[in-house]
Q: 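For reference, the structure I am asking about is given below.
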Amino acid sequence: MDFNFTPEQDTLRDQIARLVRDQNDFDTRRKVSRSEPGWRPALWSQFAELGLLGAPFSEEDGGFGGSAVESMIVMEEFGKGLVIEPYLQTVVIAGGFLRHAGSAAQKEDHLASIIGGERVFAFAYSEPKSRFDLNDVSTTARREGDGYVLNGHKAVVLAAPFASHLIVTARTSGAQRDKGGVSVFIVPKAAKGVSTRDYPTVDGLRASEVYFENVHVPSSDLIGEADHGLPLVEAVVDEAIAALCAEAHGAMKVLNQTTLDYSKTRKQFGQPIGNFQVLQHRMADMFMAYEQSVSMTYMVTLKLGEPETARKMAASAAKVQIGKAGRLVSQEAVQIHGGMGMTDELNVGHYFKRITMIESQFGNTDWHLRRFTELSNG
Amino acid sequence: MDLHYSAEDLAFRDEVRSFLETSYPDHLRSRASRDEVTKQDFLDWQKILYKKGWGAPAWPKEYGGTGWSSTQKYIFQEECARAETLGIPPFGMSMLAPVLMAFANEKQKSYYLPRIIDGTDFWCQGYSEPGAGSDLASLKTRAEKDGDSWVINGQKTWTTLAHFADWIFVLCRTDPTARKPQEGISFILVNMNTPGVEVRPIITMDGGHEVNETWFTDVRVPLENIVGEENQGWTYAKYLLVHERSGIAGVARSKKAVERLKHIASIELDRGEPIIRNPEFARKVAELEIDLTALEFTELRTLAREAQGKGAGPESSVLKIKGTEIQQRLTELTLEAVGVYGAPYFRGFPMEGGNQFPIGPDYAHHSAPAYANMRKTSIYGGSNEIQRNIIAKMVLGL
């Protein structure tokens, strides 16, 4: 058992932290988020140059021989800086599909350009009525000739406005909520019949409603086995959850520090408000919530390779804990900042909104608590 | 980063497991579930561990400890919990011993430490007083020099297992004129057989006798029984409070208790189905399991930091708060699970040699007293509110 980072991992963290600090300070991030195109391709290229986009890939896949731990480090630092750029969608999710199930040709086609920063992916899985169930898919992929024809509507596809390619779940057989019959495709966003409606999200990201109207996809763009895509989707989403947990605890760390600093300088009744025990205990609770979140991020990251049930329980446990901790930390941070915490001017509200959105990304606390309970009790 | 046990660790786990299977005495197996454990039970188990060379898992080798890695210590705790062995009382082993190692003279170390590890001496802790609970530094028990003796007068309270103890370590006021209350305190070792020491039982609401009042009336002990320097006792007392962290979270025992709770919840019926199928109940159990996982990994991170010599420091307050909250919730949910059979009360009922209790299922019979008893955990060892003060001051710098 080992909870230490390697010197290479420490270096990676230092590099990202420096880059985020220098290039993604709060004002810059806010400005980028509120202007077009809503992200910085130039920053993305810098990520590629630094090797971040290849960090979790094996050397034979053209990466730098890392693992989920590397993605955890990247996402934690990105969480601290509220980084907009779609590492999660491109490297963790699309990269995950390719690592787990990509054919040699698919890997050759996509991995080098992901690692090199040329291609950006988005994950089109949720639908207007699917809520958080990954098997609830009504987008169809009808077999035709040597390929498939996709029709359907995917909801709130994060990073889709930036993406060159989409990973799409579609039903190749069965009824809307069947566990069988789900398949996964790679679809260039420029493919004929794909249209999007792009918009900003409350936490400063960008997303799209994505519509597929008789989109022809060759069989060579099916990832994994037709009809049996769900276990693959679940595995990749659990990896995405681990990465999100890291992002969340990075964001919580900043909120805790900001709140603590504020409590030491803000004076009321003739003294810093941090002198008041009623606030001290709440900040102690925020500290504990953060510590438990770090622990759960490590836990899920290190258990991603476990058998399916154990992996799912780990991911759900982490998501539940981080969901609750995020609520506590973000709400208390605003409260302890008082009126200033409500403003757009301070970073507090921006972290508040991102943490709030993470809670419902890939299943909210209630959804994961139910999944954990069902798995735990057989 | 890696969660897997090495081949050596797995071999060690097997060794511990088979040792516990063959060497843990049967008479303690049945007694572990009894209402009260005797002093002899504790000493017997300690002697067995000592004979095996495992008398002090957490001590350094030079004092007779095992020299185990933090992973091995963790495995040992897990296996003891799995086998439901008696716990080792912390007072000598993990409270006093680290203070002696850090601050006592050679003569004291070579006399007291071996007697802790081989199960000769049973220790208790003389900290709290009727007027000094969370505000421990306001303690009044007085030690005055008279010739070659300290003469101690005063009263300690909540002295856990004082009725078993051969020795007590006592915080005494030795300089009542000191500028600050923390500055006039000394750390003195007192043999419980010394004339003037009197132990009076306190019966807690669960009906049990764990804690006592300990009275000191003109108790004379040699001057050499002081640990470290005169009036520096507060430093040692605090060292003890933050140093006692191995196992403070109680993770391994709580994991076993979750298993037991889920077993009970798979038998107890609610609307004709096991109560674990009741979504409200199942949700509470799941939240508890998740919190316990978070605590477990927080402890593992703490152990990893300690192993690197970085020291856990005041973060151990997190382990104390979360660990005790979980222990409390476990007994609370167990009591909820057993339903009406939480009520029958059998303390002191003779039931040697078996699990056959006269009324209700055997797992139910102690559930209400256990629930009542565990309320102590958020009060003792520095109340959970004091722990939050420690976090605020030592970690957050407030």
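The sequence lines fix the lettering, A, B, ..., with proteins before strands; numbering per chain opens at 1.
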Q: For B:Tyr74 and B:Glu79, which I'm curious about, is there any donor-acceptor pair between the side chains at under 3.5 Å?
A: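 There is no such pair (donor and acceptor under 3.5 Å, judged by atom type) between the side chains of B:Tyr74 and B:Glu79.
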
Q: Heavy-atom distance under 4.5 Å to chain A: side chain of B:Thr298, backbone, both or neither?
A: both

Q: What residue, out of B:Thr71, B:Ile321, B:Leu300, has the most heavy-atom pairs lying under 4.5 Å from chain A?
A: B:Leu300

Q: Which region of A:Ser263, side chain (C-beta onward) or backbone (N, CA, C, O), has a non-hydrogen atom less than 4.5 Å from a non-hydrogen atom of chain B, or is it both or neither?
A: side chain

Q: What donor-acceptor contacts under 3.5 angstrom involve side-chain atoms of residues 389-398 of chain B, with partners at least two apart or in another chain?
A:
unit_1, atom_1, unit_2, atom_2, d
B:Asn389, OD1, A:Gln277, NE2, 2.9
B:Asn389, OD1, A:His281, NE2, 2.5

Q: Side chain, backbone, both or neither: which part of B:Glu385 has a heavy atom under 4.5 Å from chain A?
A: both

Q: Considering only heavy atoms from C-beta outward, does the side chain of A:Leu52 approach that of A:Leu12 to under 4.5 Å?
A: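 They are in contact (side-chain heavy atoms under 4.5 Å apart), so the answer is yes.
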
Q: For the candidates A:Met283, A:Gln292, A:Gln257, A:Gln280, which exhibits the highest count of non-hydrogen atom pairs separated by less than 4.5 Å from chain B?
A: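 Most pairs with chain B among the choices: A:Gln292.
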
Q: Regarding A:Ser67 and A:Glu70, is there a side-chain donor-to-acceptor distance under 3.5 Å anywhere?
A: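 A:Ser67 vs A:Glu70: donor-acceptor pair found between side chains.
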
Q: Is the NZ or CZ atom of B:Arg13 both under 6.0 Å from the centre of the six-membered ring of B:Tyr5 and within 45° of that ring's axis?
A: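 No cation-pi geometry.
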
Q: Between A:Ala318, A:Gly274, A:Gly305, who has the most heavy-atom pairs with chain B when the cutoff is under 4.5 Å?
A: A:Gly274

Q: May I ask you to list the residues in residues 239-255 of chain A that approach chain B closer than 4.5 angstrom, counting heavy atoms only, ordered by number?
A: none

Q: Does the side chain of A:Glu291 come within less than 4.5 Å of B:Lys322's, by heavy atoms?
A: no

Q: Are B:Ser378 and B:Gln328 linked by a side-chain donor-acceptor pair shorter than 3.5 Å?
A: yes

Q: Heavy-atom pairs under 4.5 Å with chain B: which of A:Val294, A:Thr301, A:Val320, A:Thr6 has the most?
A: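 Between A:Val294, A:Thr301, A:Val320, A:Thr6, the count favours A:Val294.
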
Q: If you count heavy-atom pairs under 4.5 Å with chain B, which of A:Glu374, A:Lys264, A:Gln9 comes out on top?
A: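 Most pairs with chain B among the choices: A:Lys264.
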
Q: Counting only heavy atoms closer than 4.5 Å, note whether A:Met286 contacts chain B via side chain, backbone, both or neither.
A: neither

Q: When the ring planes of A:His337 and A:Tyr262 are compared, do they come out parallel, tilted or perpendicular, using 30° and 60° as the limits?
A: parallel

Q: Ignoring hydrogens and angles, tell me if any N or O in the side chain of A:Asn256 forms a donor-acceptor pair with the backbone of A:Tyr290 under 3.5 Å.
A: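 No.
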
Q: Between B:Thr324 and B:Lys376, is any side-chain donor less than 3.5 angstrom from a side-chain acceptor?
A: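 Side chains of B:Thr324 and B:Lys376: no pair found under 3.5 Å.
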
Q: Could you check whether B:Asp9 and B:Ser6, counting side-chain N and O atoms only, form a donor-acceptor pair closer than 3.5 Å?
A: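 Distance-only check passes for B:Ser6 and B:Asp9.
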
Q: So what's closer than 4.5 Å to chain A heavy atoms on B:Glu287: side chain, backbone, both or neither?
A: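 Both backbone and side chain.
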
